[in-house]
Amino acid sequence: MPVEPLSQKEVEDRLAELPGWSLDGDRLTRSYRLGSHFAATAMVVHIAQVQEELDHHSDLTLGYNTVSLSVHTHSAGGAVTEKDVELARRVEDLAPGHGAH
Ligand SMILES: C[C@H](O)[C@H](O)[C@H]1CNC2=NC(N)=NC(=O)C2=N1
């Protein structure tokens, strides 16, 4: 099913409900800090599970005790779509369980 790019206003409205997330060029991004490298690794695995479930995948970077995401929609020409917002919301939902902030 084709997914349409969000307008600038729509992106801003979605971001208003996603504290910590921002628009970097044409991508939604957020970095989280965790209590340890192992905790960060576990969060990456959890995000990967969600991404497979949604069939939508961010560029996901594991640091020493950080996890960073950057996502846009390839099939929409690299624009931000509702699929990116949905992934961001799902990651926000799982983050507290990993002690991520
Ligand atoms: C075939 C498969 O559904 C597509 O390649 C999916 C997989 N994950 C994806 N992830 C992202 N970020 N954008 C896409 O357009 C996309 N497409």
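Whatever order the structure lists ligands and atoms in, that order sets their numbers, starting from 1. Residues: numbered from 1 along the sequence shown.
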Task: Interatomic spacing from CD in Gln51 to CG in Leu60 - rounded to 0.5 Å - done: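 With rounding to 0.5 Å, CD (Gln51) is 5.5 Å from CG (Leu60).
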- [ ] Provide the number and element of each atom of ligand 1 under 4.0 Å from a heavy atom of Ser75.
- [x]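 Checking each atom against Ser75, I get 15 (O).
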TODO: Take the angle between the ring planes of Trp21 and Tyr32 and call it parallel below 30°, perpendicular above 60°, tilted in between.
DONE: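 Ring orientation of Trp21 relative to Tyr32: perpendicular.
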- [ ] Considering only non-hydrogen protein atoms, determine which one is nearest to atom 2 (C) of ligand 1 and report residue, atom name and distance to 0.1 Å.
- [x]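 Going atom by atom, the protein heavy atom closest to atom 2 (C) of ligand 1 ends up being Asp55 OD2, 3.4 Å.
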Task: Polar proximity ligand 1 side, His74 side, N/O cut 3.5 Å exclusive - done: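 Yes, there is a polar N/O contact under 3.5 Å.
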TODO: Could you say whether the N/O atoms of His57 and ligand 1 ever approach to under 3.5 Å?
DONE: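 Between His57 and ligand 1 (N or O atoms, distance only) the closest approach is under 3.5 Å.
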Open item on the list: I'd like to know if Lys9 pairs up with Asp13 as an ion pair, taking the criterion as any Lys NZ or Arg NE/NH1/NH2 lying under 4.0 Å from an Asp or Glu carboxylate oxygen.
Closed with: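 Between Asp13 and Lys9 there is a salt bridge, with a charged N closer than 4.0 Å to a carboxylate O.
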Open item on the list: Protein heavy atoms near atom 5 (O) of ligand 1, is at least one of them under 4.0 angstrom away?
Closed with: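 No, there is no protein heavy atom closer to it than 4.0 Å.
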TODO: Pick one of side chain, backbone, both or neither for how His72 approaches ligand 1, counting any non-hydrogen atom pair under 4.0 Å.
DONE: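 Near ligand 1, His72 shows its backbone, while the atoms from C-beta on stay back.
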Open item on the list: Looking only at side-chain N and O atoms, does Thr66 offer a donor or acceptor that is under 3.5 Å from a partner on Arg33?
Closed with: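 No - no donor-acceptor pair under 3.5 Å links their side chains.
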Task: Candidate pair Arg27 and Asp59, rule salt bridge (charged side-chain N to carboxylate O under 4.0 Å, His left out), full reasoning - done: CA-CA 10 Å; Arg27 292 167 167 269; Asp59 289 359; 3.5 Å; yes
